[in-house]
Amino acid sequence: MSNKKKILFVDDDSNFLDGLRRMLHRQRVQWDMHFMASVDEALNAISKTEYDVIVSDIMMPGKNGFDFLEALGDLQRIHNVPTFLLTGNDEQTLKRRALKLGATDLL
């Protein structure tokens with residue numbers, strides 16, 4: 001069994017996920033990285049795998065990052081998993097909403 005920490009990235013933009021893969025390539029020694037293109041895909045992965053950190057985009061078609069946080073809030077076993085949302089929008093109401101829904105931070 002691997003001692004590596006597991007991190008889940010969720011974003012509908014495949015180019016962004018590919019960029020993360022390339023930028024974080026050297027971190028594979030420490031992190032087992034998983035990349036999902038939708039909230040539903042991520043929730044399915046979470047039902048099968050325990051993650052140490054979750055990073056998700058806010059703006060995605062269909063279910064967005066807030067929907068994802070709400071779904072995560074219903075999963076008792078991951079309440080202590082740090083969850084970060086990413087956005088290019090600096091509107092303060094987004095950060096307040098994300099924190100209220102259980103995000104560790106909005107970046």
Side-chain angles (χ1 to χ4, degrees):
M1 184 169 223
S2 173
N3 289 338
K4 292 195 279 185
K5 300 287 186 178
K6 291 182 178 69
I7 187 167
L8 173 64
F9 293 98
V10 185
D11 197 304
D12 64 301
D13 185 343
S14 62
N15 290 328
F16 181 75
L17 291 178
D18 288 343
L20 282 174
R21 276 188 195 96
R22 285 190 304 276
M23 285 188 309
L24 299 172
H25 177 77
R26 292 182 183 198
Q27 301 304 318
R28 290 182 310 148
V29 172
Q30 297 173 327
W31 288 93
D32 185 8
M33 293 177 269
H34 299 242
F35 301 88
M36 304 297 160
S38 72
V39 168
D40 288 332
E41 189 179 354
L43 289 171
N44 185 45
I46 289 168
S47 73
K48 299 172 185 170
T49 303
E50 290 189 27
Y51 291 95
D52 297 289
V53 177
I54 298 170
V55 179
S56 176
D57 187 21
I58 286 182
M59 299 305 189
M60 295 181 279
K63 294 179 183 170
N64 62 33
F66 295 122
D67 298 324
F68 188 36
L69 283 176
E70 288 177 2
L72 292 176
D74 294 337
L75 301 174
Q76 185 65 35
R77 70 180 178 83
I78 66 161
H79 277 207
N80 294 323
V81 175
T83 303
F84 298 90
L85 290 186
L86 304 176
T87 185
N89 188 331
D90 65 354
E91 187 179 323
Q92 285 301 307
T93 59
L94 294 178
K95 184 162 190 159
R96 282 192 295 273
R97 184 175 176 198
L99 294 175
K100 185 177 180 182
L101 289 171
T104 304
D105 204 352
L106 177 112
L107 308 171

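Computed over heavy atoms, backbone and side chain alike; hydrogens, waters and symmetry mates excluded. Note that the numbering runs from 1 along the sequence shown for the chain. Remember, it's a predicted structure, so these values are computed and weren't measured experimentally.
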Heavy-atom pair of closest approach, residues Val39 and Asn64 | CG2-O, 3.6 Å

Dump the intermediate steps for side chain to side chain contact (heavy atoms under 4.5 Å, CB included) on Asp105 and Lys95, then the final yes or no.
-> CA-CA 7 Å; Asp105 204 352; Lys95 184 162 190 159; 2.9 Å; yes

Can Phe84 be reached from Val81 by stepping across I, L, V, M, F, W or Y side chains whose heavy atoms are under 4.5 Å apart?
-> no

Quick one: are Val29 and Lys4 in side-chain contact, heavy atoms under 4.5 Å?
-> no

Linking I/L/V/M/F/W/Y whenever any side-chain heavy atoms sit under 4.5 Å apart, do Trp31 and Leu8 land together?
-> no

Determine yes or no for a side-chain-to-main-chain donor-acceptor pair under 3.5 angstrom, with Lys63 supplying the side chain and Phe68 the backbone.
-> no

Side chains of Leu20 and Met23 in contact at under 4.5 Å (non-hydrogen atoms) | yes

Would you indicate whether the side-chain heavy atoms of Asp13 and Asp57 approach each other to under 4.5 Å?
-> no

Who pairs with Glu91 by side-chain hydrogen bond (donor to acceptor under 3.5 Å, both in side chains), at least two apart in sequence or on another chain?
-> Thr93

Cluster overlap Leu86 with Leu69, hydrophobic side-chain contacts below 4.5 Å | no

Closest non-hydrogen atom pair between Ala98 and Leu106, with its separation = CB-CD1, 4.1 Å

How close do Ile7 and Tyr51 get, heavy atom to heavy atom, and via which atoms?
-> C-CD2, 3.9 Å

With a cut-off of 6.0 Å (strictly less than), are more than 12 heavy atoms of other residues, nucleotides or ligands near NE2 of His79?
-> yes

Hey, what do you get for CG (Leu94) to OG1 (Thr87), rounding to the nearest 0.5 Å?
-> 5.5 Å

Between Leu24 and Met33 the two heavy atoms that sit nearest each other are O-CE, 3.2 Å

Separation between CZ (Phe9) and NE2 (His34), nearest 0.5 Å, reads 10.5 Å

Between the NZ atom in Lys6 and the CD1 atom in Ile54, the distance rounded to the nearest 0.5 Å is 13.0 Å

Verdict with supporting geometry, Leu72 and Leu43, side chain to side chain contact (heavy atoms under 4.5 Å, CB included) = CA-CA 8 Å; Leu72 292 176; Leu43 289 171; 4.2 Å; yes

Arg21 meets the salt bridge (Lys or Arg N to Asp or Glu O under 4.0 Å) criterion, sequence neighbours left out, with Asp18

Minimal non-hydrogen separation, Pro82 against Thr104, with atom names | CA-OG1, 3.2 Å

With a 4.5 Å heavy-atom cut-off, do Val53 and Lys5 have their side chains touching?
-> no

Under a 4.5 Å side-chain heavy-atom rule over Ile, Leu, Val, Met, Phe, Trp and Tyr, are Val10 and Leu107 clustered together?
-> no

Between Asp67 and Gly62, the two heavy atoms sitting closest are OD2-O, 4.0 Å

Any link between Met60 and Phe35 through a network of hydrophobic side chains (Ile, Leu, Val, Met, Phe, Trp, Tyr) touching at under 4.5 Å?
-> no

